[in-house]
Amino acid sequence: MMHWIQTHLLTTIIFLPLVGAVITIAIPSRFRDAIRMVSLVTTIVVFVLAWKAWTALTGTGEFEFSELLPWIPSVGVSYHVGVDGVGMILMFLSAFITPLAILGSWQEIDRRVKAFHVFILILETGMLGVFAALDLFLFYIFWEVVLIPMYFMIGIWGSSQRIRAAMKFVLYTMAGSVLMLAAILYGAWATGGSFDLLTWYSKGFGPVEQLWLFAAFALAFAIKVPVFPLHTWLPDAHTEAPTAGSVILAAVLLKMGTYGFYRFAMPLFPLAVVKFAPLFLALGVIGITGSALVAMVQPDLKRLIAYSSVAHLGFVMIGLFALEPHAAAGAVLQMVNHGISTGALFFLVGMIYARRHTRQISDYGGIARTVPITTAVFLFVTMSSVGLPGLNNFVGEFLILLGTFQTKTTHAAIAVIGVVLAALYMLWAVQRVFFGKITIEENRGLRDLTLREAVVLIPLLIMMVVIGIAPKPWLAKIERSTENFLALSKRVEMNVSHHDAH
Amino acid sequence: MLEFVYHYISVQTLVWLIVALPLAGAVFNGSLALITAHHGGGKDHHGHHHTPFRTLASTVGVLLPFAAFAAALLCFVTLTGFEEGAPSLITGPLSQWTAFPGLTIDIGLKVDQLSLVMALVVTGVGSLIHLYSIGYMSHDDGVVRYFAELNLFLFFMLILVLADNLVLMFVGWEGVGLCSYLLIGFWFEDPAKAKAGTKAFVVNRIGDAGFLLGLFLIYGVMAAAGADPATGYFNFETMSRYAPFFQPLATVIGLLLFVGACGKSAQIPLYVWLPDAMAGPTPVSALIHAATMVTAGVYMVVRLNFIYVLSPTALEVIAYVGAATALFAATMGLAATDIKKILAYSTVSQLGYMFLACGLGAFSAAIFHLVTHAFFKALLFMGAGSVIHALHGEQDIFKMGGLKPRLPVTCWTFLIASLALAGIVPTAGFFSKDAILWHAYSSGHVGLWLVGFVSAGLTAFYIFRLVGAVFFGSTNLPVDQWKRVVESPVSMLIPLILLGFLSAFGGLLGVPEILGGSDRLGEWLSGVVPLVGHAGGGASHAAEIILMVVATIWAANWSILGWVIYTQRRDWPERMAARFRWVYRLIVNRYFVDEIYDRLIVRPLIGVSRVFFWKTIDATAIDAIMVHGTANTVGVWARAVSLAQTGVVQQYLLYFLLGAVIVVVAVAL
């Protein structure tokens with residue numbers, strides 16, 4: 001058994017949550033704490049395994065822990081999983097966030113408890129699978145698997161506008177997915193019947209093919225990121241989703257989009273990257289500045305954070321499309337950082353919401369006096385989110401901007417404005433929610449963080465400090481992978497320069 | 001004694017201790033504040049505030065900064081004890097922050113003549129402010145949090161000055177921004193104070209954006225110069241070795257970094273946060289205005305002097321911005337009535353002098369003024385704090401008066417500091433200000449000299465206006481209240497006396513040669529910054545003496561005028577204000593700069609964001625028209641919605657699980 005796990009580490013990690021889901025289904029619905037406990041323990045075990053895998057990863061940039069089994073040989077589909085540093089760190093992030101999300105929903109979710117936990121476990125399998133799949137068909141399955149539980153999480157456990165938000169989420173994502181599926185099928189046909197990513201990497205698609213395929217993939221991913229102007233599903237989905245939904249959505253699901261660019265759209269279609277890079281750089285910068293401005297004027301705290309996500313993900317996008325080593329590594333690290341910081345912010349908003357049942361900033365004010373520890377934690381996370389040096393976000397933003405500045409100076413120079421705006425909208429919100437005198441009577445008796453809530457937040461705070469002070473070990477394992485990504489995504493540039501040389 | 005220390009501690013460890021001790025204090029008190037968060041704030045049956053662990057928090061919070069000062073002092077003694085070689089030392093990386101191929105950033109400290117001076121000032125003056133805080137904050141129930149944030153402030157400032165590379169310096173740079181935010185908004189229940197904190201952070205961030213861009217350009221230059229990445233592109237040592245390569249971009253880099261300095265050191269146009277920063281407890285103002293934070297910009301420019309000397313244009317800009325700020329802020333000091341606001345404008349103004357010196361290439365004169373200013377400005381703020389403390393929060397100088405007999409120690413030490421600020425011989429401020437003005441004059445910048453000279457007169461006037469109105473003349477307090485005014489406790493007076501001593505004699509660091517002294521600080525710093533000699537020539541000696549005498553008479557006259565008017569003829573200014581009504585209105589409203597920023601930048605930004613970016617682009621153009629428009633025409637989705645709403649979720653779940661099982665089985669086969 002142990003041997004099997006060691007040789008099939010990724011498979012174990014990916015499908016353990018599904019096993020947990022099956023066990024959960026078997027538990028009668030009335031044993032609600034047992035259901036919660038089983039899913040929590042399952043996800044913790046998954047986390048431990050993911051941590052083991054992360055530490056065991058050598059970071060050579062090659063795909064490690066690979067497993068390759070024929071699945072549907074007749075059409076060239078295989079079960080092929082494997083991770084480089086980037087895939088692994090995102091799997092680690094997913095495995096890190098999920099148990100916290102379950103623990104954070106312990107009291108918030110009090111109806112259909114069983115269904116909720118089954119969904120969240122299935123969701124985890126989907127997320128983990130997305131980051132490990134090296135077969136495009138397999139990738140597509142996992143991609144879709146993620147969609148369905150999230151749809152139900154928003155639609156069932158969300159707040160008043162949940163149906164609308166859930167539909168919008170599905171509508172957007174499906175629109176992209178369908179095109180991606182078409183592209184995958186075409187690509188498999190073009191490669192002579194292979195869904196294997198490595199085969200795709202080595203096959204040079206024709207210039208026109210590349211443009212179309214890239215467009216189809218990029219649309220699906222850009223919606224997921226989301227890239228401006230495809231982002232309007234996000235504020236709705238975030239705002240209406242229950243806390244666990246918002247957290248997982250922000251922390252992991254958005255990263256599926258940026259990861260898609262990293263793993264598929266860009267390295268597979270380098271010719272198209274040349275054509276589309278200016279567009280995505282521009283949209284990234286618009287996202288950084290424009291969404292920050294929209295975030296600033298949101299009256300709803302959760303929406304404000306949702307828009308801040310668009311801005312943060314804009315940094316990741318320009319980091320990828322700058323095609324520069326530091327920027328690319330920074331972009332990957334920023335995917336993780338955003339997951340941690342924005343995840344923590346959504347947790348905190350959820351905790352405050354649980355006490356006051358309002359998300360309107362104007363319904364608060366002065367609660368720092370009644371909930372000093374919540375305030376301190378919120379401020380800490382805010383500082384992480386606005387990129388204070390010494391905390392996690394700074395590392396990613398710094399590397400992205402430093403790298404982007406070397407290749408795309410103007411974009412980086414504009415993106416720096418986003419750093420100022422981030423401080424503006426976050427601190428202004430903090431000021432209105434926590435500072436001043438208490439003017440609304442309901443805010444007087446608020447309860448500060450409970451032990452359970454503290455347990456949810458502390459791991460996130462620790463990660464912020466650890467990555468902020470010592471990013472090197474994290475970067476060391478993703479750096480070779482991003483080099484490979486750049487080598488593949490810049491294949492055209494090299495060819496062009498070769499031609500020039502002759 | 002020293003042998004004993006050296007036996008156990010290496011000098012490197014000692015350097016690390018300078019920063020580690022305040023951090024330890026911050027962590028300790030921060031934890032304590034969190035643990036006791038729900039126990040403080042109550043009142044016992046006598047009506048006194050009781051905060052648990054008040055004594056513990058303040059003891060730890062004060063002792064550790066003093067220990068850091070001792071460590072800095074020990075470093076100084078040790079490094080100057082070596083017969084040969086410059087008194088400098090690199091701790092080497094404690095760890096590496098990043099180590100890419102092409103980008104190495106270490107966490108390492110560097111002690112040299114410059115950073116040692118700064119570390120001594122920061123820990124020395126900072127410790128005194130900590131000591132003073134015990135008395136000042138004795139009635140506040142947030143004292144544990146207060147000391148945590150104060151220690152953290154010291155820690156970040158020490159990181160800033162001791163960092164051996166620009167990125168680590170930036171950590172301290174933004175860190176002090178955070179601490180100023182926390183401490184300015186310390187009394188967060190007052191919305192105006194919370195707002196002042198936010199303002200400080202955001203305005204600083206604007207500067208920091210410029211700083212970052214400068215950093216990125218430096219990286220580009222170093223990479224293009226072919227420097228070995230392993231040595232760290234942002235390392236000061238490496239950078240200075242490659243200084244010639246900065247030539248083509250020195251102006252841009254210098255100016256971008258100076259934008260950062262404008263934010264941190266409150267220069268035009270980013271000075272607006274500093275006058276509001278007095279919202280914090282008064283010792284915090286002393287810390288921000290004297291020992292930490294605002295000196296960061298000056299320090300950074302001096303630290304990177306090897307880039308700035310390559311660009312006369314950048315230096316010129318710095319000199320003019322500095323001079324303009326010096327004059328502009330001094331005029332605002334004339335009309336302010338809040339004791340702390342007057343001092344705040346004087347800080348802005350004096351920082352202008354320091355940048356004027358930097359711009360003239362007289363970097364050591366800038367540091368000289370930075371040091372003496374730290375002494376007398378800390379003293380002025382803590383003296384003001386002593387007055388405010390004695391008057392239970394009163395800050396309007398025209399509601400004071402005649403406090404000399406009631407607050408003798410405060411009064412006399414405040415007077416010394418005022419003399420130093422006014423630049424009256426032989427106080428510390430005289431020598432440092434004279435050094436700057438003489439550099440301006442002797443280098444041929446007569447215009448800049450004149451601005452500095454006029455500002456010096458205004459400075460002398462407004463500070464003695466304050467002294468006259470607060471300590472002398474008849475009192476504006478009700479007599480019985482005046483009688484009940486008592487001097488502050490000893491823990492608050494000791495720092496005042498020590499700083500009074502330093503403000504009086506700190507000028508000995510740099511007495512001009514013609515007065516039989518020597519520029520000790522300049523010589524000490526000569527290993528780090530180019531020594532700009534006073535312009536040679538016999539004739540200029542005479543000029544130097546003449547200017548010195550003129551400056552002293554000039555300052556003394558304005559001082560006396562200010563003092564006389566505001567002790568004996570307090571109705572004159574009102575009549576003057578009435579006569580020059582619009583000038584007065586302009587000044588008393590601080591030239592409406594805050595209002596202009598508000599109308600021109602803040603409000604339009606919010607308006608455009610709300611109306612255009614959110615409502616028009618996001619909500620209407622994209623969401624309503626593109627998304628929902630499409631959705632409605634497709635119509636398929638409407639059916640899906642109704643499916644979801646009729647509650648067939650279980651069916652979905654079933655289908656989904658079925659699918660999942662098929663997938664799993666397929667894999668297994």
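Every chain is numbered from 1 and lettered A, B, ... according to where its sequence line falls, protein lines coming before strand lines. Computed from heavy atoms alone, side chains included, the values below leave out hydrogens, waters and symmetry copies.
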Inset, instruction - Could you check which of A:Met383, A:Gln298, A:His231 has the highest count of heavy-atom pairs closer than 4.5 Å to chain B? - result: A:Gln298
Inset, instruction - Identify which of A:Leu402, A:Val420, A:Val416 forms the greatest number of heavy-atom pairs closer than 4.5 Å to chain B. - result: A:Leu402
Inset, instruction - Can you tell which part of B:Lys193 gets under 4.5 Å to a heavy atom of chain A, answering side chain, backbone, both or neither? - result: neither
Inset, instruction - Name the option with the most non-hydrogen atom pairs under 4.5 Å to chain A; the candidates are B:Leu215, B:Leu212, B:Leu178. - result: B:Leu178
Legend entry - Expected output: side-chain A:Trp233 to main-chain A:Ile223 donor-acceptor under 3.5 Å: yes
Legend entry - Toward chain B, the part of A:Leu401 with a non-hydrogen atom under 4.5 Å: both
Inset, instruction - For this output row, return yes or no: ring centroids of A:Tyr79 and A:Trp71 closer than 6.0 angstrom. - result: no
Can you give me every donor-acceptor pair (side chain of residues 423-439 of chain A, partner residue at least two apart or in another chain, under 3.5 Å) with its distance?
unit_1: A:Gln431; atom_1: OE1; unit_2: B:Thr198; atom_2: OG1; d: 2.8
unit_1: A:Arg432; atom_1: NE; unit_2: A:Trp428; atom_2: O; d: 3.3

Inset, instruction - Give the member of B:Asp208, B:Ile617, B:Leu217 that has the highest number of heavy-atom pairs under 4.5 Å with chain A. - result: B:Leu217
Inset, instruction - Please state whether the side chain, the backbone, both or neither of A:Phe398 comes within less than 4.5 Å of a heavy atom of chain B. - result: both
Legend entry - Backbone N/O of B:Val611 and side chain of B:Thr616: donor-acceptor pair under 3.5 Å: yes
Inset, instruction - Indicate yes or no for a side-chain donor-acceptor contact from B:Arg603 to the backbone of B:Tyr597 under 3.5 Å, with no hydrogens or angles considered. - result: no
Legend entry - Near-ring test A:His326/B:Tyr219, centroid separation under 6.0 angstrom: yes
Inset, instruction - Could you tell me whether the side chain of A:Ser291 and the main chain of A:Val310 form a donor-acceptor pair under 3.5 Å? - result: no
Inset, instruction - Could you walk me through whether A:Phe119 and A:Trp157 pass the side-chain contact (heavy atoms from CB on, under 4.5 Å) test, one step at a time? - result: CA-CA 11 Å; A:Phe119 281 138; A:Trp157 293 275; 3.7 Å; yes
Inset, instruction - Answer with side chain, backbone, both or neither: which region of B:Ile159 has an atom nearer than 4.5 Å to a non-hydrogen atom of chain A? - result: neither
Legend entry - Among the listed options B:Ile107, B:Val171, B:Val167, B:Asp190, the residue most often paired with chain A at heavy-atom distances under 4.5 Å: B:Val171
Inset, instruction - Could you tell me whether the side chain of B:Phe201 reaches within less than 4.5 Å of the side chain of A:Leu388, counting heavy atoms only? - result: yes
Inset, instruction - Heavy-atom pairs under 4.5 Å with chain B are the metric here; pick the option from A:Val395, A:Ile417, A:Leu421, A:Leu379 that has the most. - result: A:Val395
Legend entry - Contacting region of B:Val608 [heavy-atom separation from chain A under 4.5 Å]: neither
Inset, instruction - Please look at A:Thr404 and chain B and tell me whether the side chain, the backbone, both or neither of the residue comes under 4.5 angstrom of a heavy atom of that chain. - result: neither
Legend entry - Region of B:Tyr181 that comes under 4.5 Å of a non-hydrogen atom in chain A: side chain
Inset, instruction - Give, as side chain, backbone, both or neither, the part of A:Ala368 having an atom under 4.5 angstrom from any heavy atom of chain B. - result: both
